[in-house]
Amino acid sequence: MINITFPDGSVKQFEAGITPLAIAESISPRLAQDVLAASVNDKEWDLSRPINEDASLKLFKWDDPEGKHAFWHSSAHLLAEALQELYPGVKFGIGPAIENGFYYDIDPAGHNITSADFPAIEKKMLELARRKEAIVRADITKADALKMFGDRGEEYKCELISELEDGTITTYTQGAFTDLCRGPHIPTTAPIKAAKIMSLAGAYWRGDEKRNQLVRVYGITFPKQKMLDEYLALLEEAKKRDHRKLGKEMELFAFSANVGAGLPLWLPKGAALRDRLEQFLRKIQKQYGYQQVITPHIGNKNLYVTSGHYAKYGKDSFQPIHTPEEGEEYLLKPMNCPHHCEIFRAFPRSYRELPLRLAEFGTVYRYEQSGELHGLTRVRGFTQDDAHIFCAPDQIKDEFLKVMDIIFYIFKALKFDNFEAQISLRDPNNKEKYIGSDENWHLAEQAIIEACEEKGLKARKELGEAAFYGPKLDFMVKDAIGRRWQLGTIQVDYNLPERFQLEYTGADNQKHRPVMIHRAPFGSMERFVAVLLEHTAGKFPLWLAPDQAVILPISEKFNDYAYEVARQLSAADVRVIVDDRNEKIGRKIRDNEMRRIPYMLIVGEKEAENGEISVRKQGEGDKGTMKIATFAQNLAEEVNNSINQ
RNA sequence: GCCGCAAUAGCUCAGUCGGUAGAGCAUUUCAUUCGUAACGAAAAGGUCGUGGGUUCGAGUCCCACUCGCGGCUCCA
């Protein structure tokens, strides 16, 4: 007999060799039906894999990430089985579960697979699933594995096997399909009741652009058709929140092929919105001791040779601008830091000036690869809400804490509550990739980790993700369809102070090298507005909304009164417009609801007589009648509350 | 940059087998002067992304380019 400990701490005895599925059955038939995966002593475990000794057991259902993961991982195998039947000779790369569904990378071996084939693939998957084949785990020696997959011509699998350690290799088989796999899987394919192939894409084998490009088939499956329908409906909804669509509808920004790919044009409403965001940040930064600076959009090539950026990125960037002067070259600035370093160098600096915080809404130009451009989130010309803090090494942590305060304040004011934080650290096994002393790295990494702990911020630590010049803390937010975008960033830099030979005189009357912190709470104005649009579905907080209120006269007879109301509200700093079209009130309400203007102010005979307005809130309906001044006052209060919580 | 897919009116889209361009919304005009989510009528709007090719004839077939979309790679 063995003791099995459950998550609630209770312990039950079972025969040695019992499976998690059998244990689930002993608890309840319903649980046995719903359970998809298990963990034994916190190790992933198949439901049908025997447990031979005392262990702690967790059972996972659909609602657990681990349950979905096993379900989708098995679905990837099912997809492979279907592809193997439909396209004989295809070779398989890898096929993992992902956040929403799964994919399989295949070498189509001459077959031409297109989206027209999706229904046939889906049909085949479900047909195979209905056979309710068991998914069977087997241990295999390295030699046998190499022979087995080698005989089938599975070169990609053989490459993977050759890197595995003998004795740790397992395969999973369902029906006629056997895959190299670590597991875990669901016991049979039976629960897979709905399947959808989502898209095809190219993907380099092992993520290496120098190697073969495979076809990546993305799919998703569910235990119920209804769940698939709901998922697809959700995706449709998400598409409506796409910032590219909203930006056009709301007249915030546009692109023009004549101006160039990835070069956004900010329209009047968008520019005003961006300006409001800038003012908001400027105000906070002022409180935190930042000083605004302004630097040119171009810089002499030598500046970037000094910074090291030219050597590293010069070839892949916008190429130098030539002047009438022989040999003179300028670059569009790809970042603001070198300019700010020169500001630091403009005077002899004392430790008394530190931390010196130089801020600039600096527009930079980077030649992003054409395939990478994406709406406002990835562009070739954008404005960073940049600042560089020059400080002494022992001030890093304190400065980090202050920057985090600013970022949290912003995220709170804009209701970004489900952001993710990532601490990017040096790869300790590959130190030569990085510049700076061990001591400085340790100091900076510790400062970041401690700052996060002090703020109670749960941040994922990623080794090897640091920039070559220092560790960083990034804030990530998801867009409408779940893609992650980096917004705020705080980075420690030992490189530039070194390269620009920055120094200050310390209290000891000796020269010292400052440390630089790069930070951008929004990341860039472009990306931030994009993510903000998708988060709010275009319904901006009142203080940001391009138009805060629209006045709707009942008929043209009341247009004069409407403009009088507009005059008074404008005088009270309300951003207000008048919808003076010759349309019925129902039509005006509908149109303006769709324009997402927070308040609609309806004026007709009654209101004109009493100097009042009828207030309607977007998405909520009629709020009753009030004096113009009362509305202005309420609005001002609401704006205040939304910024300061 | 790579793989795949697309590009038709301001927007969303239809256009069959290659035979000379269509709808809804938006716009303009007329009518209406209206009380909380779409009143009605009419008009105007297109070198079918650009350039080449095949063909008696190309929105439709082929090639290149541009822009865009989904991924991959990249992201100072």
Side-chain angles (χ1 to χ4, degrees), chain A residues 98 103 105 108 112-116 198-218 239 242 244-245 248-249 251 254-262 304 307-314 316-317 333-338 364-375 377-380 382 384 467-469 472 481 483 485-486 489 491 493 495-496 518 523-524 527 552-559 581-594 600-607 614-625:
Chain A
I98 52 177
Y103 67 77
D105 283 348
N112 183 25
I113 303 172
T114 71
S115 52
M198 302 301 291
S199 65
L200 295 175
Y204 299 108
W205 170 235
R206 314 204 81 177
D208 184 344
E209 65 180 321
K210 289 182 189 67
R211 305 197 62 178
N212 260 357
Q213 195 158 35
L214 304 180
V215 176
R216 180 166 294 178
V217 185
Y218 283 90
K239 277 190 199 150
D242 190 312
R244 294 166 294 192
K245 183 177 156 66
K248 189 183 257 182
E249 280 175 19
E251 297 175 16
F255 288 91
S256 153
N258 291 327
V259 175
Y304 304 101
S307 73
H309 292 109
Y310 185 77
K312 204 165 158 67
Y313 299 102
D316 305 318
S317 290
K333 74 173 164 185
M335 78 292 300
N336 303 300
C337 1
V364 298
Y365 299 90
R366 301 178 183 179
Y367 192 78
E368 304 290 0
Q369 296 187 78
S370 59
E372 262 312 323
L373 301 174
H374 182 98
T377 47
R378 193 79 185 269
V379 288
R380 285 179 172 163
F382 58 96
Q384 296 178 307
F468 71 93
Y469 50 77
K472 56 182 182 164
I481 64 169
R483 283 179 293 225
W485 294 100
Q486 180 198 307
T489 182
Q491 311 183 358
D493 188 346
N495 178 38
L496 288 181
H518 308 247
S524 78
R527 187 176 284 178
L552 312 182
I554 293 284
S555 79
E556 287 183 329
K557 283 195 291 191
F558 307 104
N559 280 359
R581 291 176 305 162
N582 177 12
E583 294 287 353
K584 285 175 70 170
I585 194 66
R587 173 56 182 275
K588 290 190 191 181
I589 286 169
R590 181 185 154 78
D591 288 350
N592 286 292
E593 283 281 348
M594 309 243 278
M600 275 160 270
L601 310 176
I602 293 153
V603 296
E605 195 173 355
K606 278 184 303 189
E607 291 81 3
S614 282
V615 178
R616 188 189 158 95
K617 193 161 187 181
Q618 202 267 351
E620 293 181 24
D622 199 353
K623 295 285 176 192
T625 303

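The figures here come from the full heavy-atom set of this structure, side chains too, leaving out hydrogens, waters and symmetry mates. Keep in mind the model is a prediction, meaning the values are calculated, not measured. Lettering follows sequence order; numbering is per chain, from 1.
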For [X], side chain to side chain contact (heavy atoms under 4.5 Å, CB included) partners two or more places apart:
X: A:Ser370; result: A:Arg380
X: A:Asn582; result: A:Glu556
X: A:Ile589; result: A:Leu552, A:Ile585, A:Glu593, A:Met600, A:Ile602, A:Arg616

With sequence neighbours left out, write down each residue that passes salt bridge (charged side-chain N to carboxylate O under 4.0 Å, His left out) with [X], or none if nothing qualifies.
X: A:Glu249; answer: A:Lys245, A:Arg596
X: A:Lys623; answer: A:Glu620
X: A:Lys239; answer: A:Glu236
X: A:Arg244; answer: A:Asp242

Consider the side chain of A:Ser317, meaning its heavy atoms from C-beta on, and name the nucleotide among B:C72, B:A76, B:U27 that approaches it most closely.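 So the nucleotide nearest the side chain must be B:A76.
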
Got a list of protein N/O to nucleotides 40-51 of chain B N/O distances below 3.5 Å?
none

Proximity to RNA chain B (any heavy atom under 4.0 Å), residues of residues 254-261 of chain A only: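 Result for residues 254-261 of chain A: A:Ala257, A:Ala261, sorted by number.
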
Pull out every residue in residues 201-210 of chain A that has a heavy atom closer than 4.0 Å to any atom of RNA chain B, ordered by number, or say none.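 Those residues are A:Ala201, A:Gly202, A:Ala203, A:Tyr204, A:Gly207, A:Glu209.
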
Give a yes-or-no answer on whether the side chains of A:Glu607 and A:Thr625 include a donor-acceptor pair shorter than 3.5 Å.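 No pair is found: no donor N or O on one side chain lies under 3.5 Å from an acceptor on the other.
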
Separation between the P atoms of B:U50 and B:U36, rounded to whole Å: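 Comparing P positions in B:U50 and B:U36 gives a spacing of 48 Å.
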
For RNA chain B, the dot-bracket notation using Watson-Crick and G-U wobble pairs below 3.5 Å, [ ] for pseudoknot-type crossings and | for other-strand pairs, is (((((.(..((((.....[..)))).((((.........)))).....(((((..]....)))))).)))))....

Check nucleotides 31-36 of chain B against the protein and report each pair of N or O atoms closer than 3.5 Å, with its distance, or say if there are none.
residue: B:A31; atom: N6; partner: A:Asn582; partner atom: ND2; Å: 3.2
residue: B:U32; atom: N3; partner: A:Asn582; partner atom: OD1; Å: 3.2
residue: B:U32; atom: N3; partner: A:Asn582; partner atom: ND2; Å: 2.7
residue: B:U32; atom: O4; partner: A:Asn582; partner atom: ND2; Å: 2.1
residue: B:U33; atom: O2; partner: A:Ser555; partner atom: OG; Å: 3.3
residue: B:U33; atom: O2; partner: A:Glu556; partner atom: N; Å: 2.9
residue: B:U33; atom: N3; partner: A:Glu556; partner atom: OE1; Å: 3.1
residue: B:U33; atom: O4; partner: A:Glu556; partner atom: OE1; Å: 2.9
residue: B:C34; atom: OP2; partner: A:Lys557; partner atom: NZ; Å: 3.1
residue: B:C34; atom: N4; partner: A:Asn582; partner atom: OD1; Å: 2.7
residue: B:G35; atom: O6; partner: A:Glu605; partner atom: N; Å: 2.7
residue: B:G35; atom: O6; partner: A:Lys606; partner atom: N; Å: 3.1
residue: B:G35; atom: N1; partner: A:Glu607; partner atom: OE1; Å: 2.8
residue: B:G35; atom: N1; partner: A:Glu607; partner atom: OE2; Å: 3.3
residue: B:G35; atom: N2; partner: A:Glu607; partner atom: OE1; Å: 3.4
residue: B:G35; atom: N2; partner: A:Glu607; partner atom: OE2; Å: 2.4
residue: B:G35; atom: N2; partner: A:Ser614; partner atom: OG; Å: 3.4
residue: B:U36; atom: O2'; partner: A:Arg616; partner atom: NH1; Å: 3.2
residue: B:U36; atom: O2; partner: A:Arg616; partner atom: NH1; Å: 3.1
residue: B:U36; atom: O4; partner: A:Ser614; partner atom: OG; Å: 3.3

